[in-house]
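Working notes, beginning with the structure itself.
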Amino acid sequence: MGTSLVVQPFSGLIDLVPPSAKRVLINRQRAGEVSDVLSIPGLGGGGGFDFDADDSRDAFLEGDVDEVVAEIVRLAGWRDEFEALLRERRGEPRET
C-alpha cells in the first residue's frame, strides 16, 4: 500500500505472485500501474497493475486502508472475529 509501488524493490513485488492470483491495491490513489512501473531486468517491475482491462485480475479499492478493510470485514460478516483478532494483537483480554 502506498506510492512506494513505483520504486524498486517494492514495485517488483507486484509481479512475484502467480499469474493466476488476483491482486488488490488498497490506497488513496492508484499506483504501480503498468505505465508507472520501470522494468529493471532481474528485479521485476515489468508488469504492474492493470485496473482498466475487462479481463484484469487486478482491483483498486480507493480509500484509507483501515476504512476499506473495515468495510470488507463488515460485508463479509467477519466483524466479531476481526475485532477479537485485533484485541488479541493488542494484548487485551478476551471477552466472555
Side-chain angles (χ1 to χ4, degrees):
M1 319 246 177
T3 54
S4 63
L5 288 174
V6 296
V7 177
Q8 287 291 347
F10 299 103
S11 63
L13 295 175
I14 301 169
D15 300 319
L16 293 180
V17 298
S20 60
K22 303 295 183 190
R23 304 182 302 182
V24 178
L25 174 67
I26 303 172
N27 201 21
R28 292 182 187 159
Q29 69 265 349
R30 290 164 64 137
E33 293 183 76
V34 175
S35 62
D36 295 342
V37 179
L38 175 64
S39 179
I40 298 175
L43 292 178
F49 290 116
D50 182 2
F51 302 121
D52 298 321
D54 290 338
D55 61 346
S56 179
R57 66 181 178 144
D58 301 326
F60 172 62
L61 303 178
E62 183 176 5
D64 292 318
V65 67
D66 291 344
E67 294 171 8
V68 173
V69 169
E71 181 65 5
I72 293 169
V73 166
R74 184 189 71 76
L75 291 169
W78 300 334
R79 197 174 104 198
D80 293 341
E81 295 91 339
F82 186 68
E83 288 177 1
L85 178 63
L86 291 177
R87 283 191 300 275
E88 180 182 316
R89 297 286 182 200
R90 291 189 295 251
E92 296 175 7
R94 289 183 168 200
E95 289 185 359
T96 55

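The structure presented is a predicted model; accordingly, all values stated were derived computationally and were not measured.
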Same cluster or not: [X] versus [Y], using hydrophobic residues (I, L, V, M, F, W, Y) connected whenever any side-chain heavy atoms lie under 4.5 Å apart?
X   : Y   : result
V17 : F60 : no
V24 : W78 : yes
L75 : I26 : no

Query raised in the report: With sequence neighbours excluded, what pairs up with E88 under the side chain to side chain donor-acceptor pair (under 3.5 Å) test?
Result: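 By the side chain to side chain donor-acceptor pair (under 3.5 Å) rule, E88 matches no residue at all.
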Query raised in the report: Taking only residues two or more places apart in sequence, or in another chain, which ones meet R90 in a side chain to side chain donor-acceptor pair (under 3.5 Å)?
Result: E92
Report task. Sequence neighbours left out, what passes salt bridge (Lys or Arg N to Asp or Glu O under 4.0 Å) with R57? Give chain and number order. Result -> none
Query raised in the report: Considering residues, nucleotides and ligands other than R28, do more than 12 of their heavy atoms fall under 6.0 Å from its CZ?
Result: no
Query - Interatomic distance, L25 atom CG to E62 atom CD [nearest 0.5 angstrom] - result: 10.0 Å
Report summary line: Rounded to the nearest 0.5 Å, the CG atom of D50 sits from the CG atom of D52 at a distance of 6.5 Å
Query - Heavy-atom closest pair, residues F51 and A31 - result: CE1-O, 4.1 Å
Query - Heavy-atom donor-acceptor pair, R23 side chain to G48 backbone, under 3.5 Å - result: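 Yes, the answer is positive, given that a donor and an acceptor are paired below the 3.5 Å cut-off.
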Query - Non-hydrogen side-chain atoms of I72 and L61 separated by less than 4.5 Å - result: yes
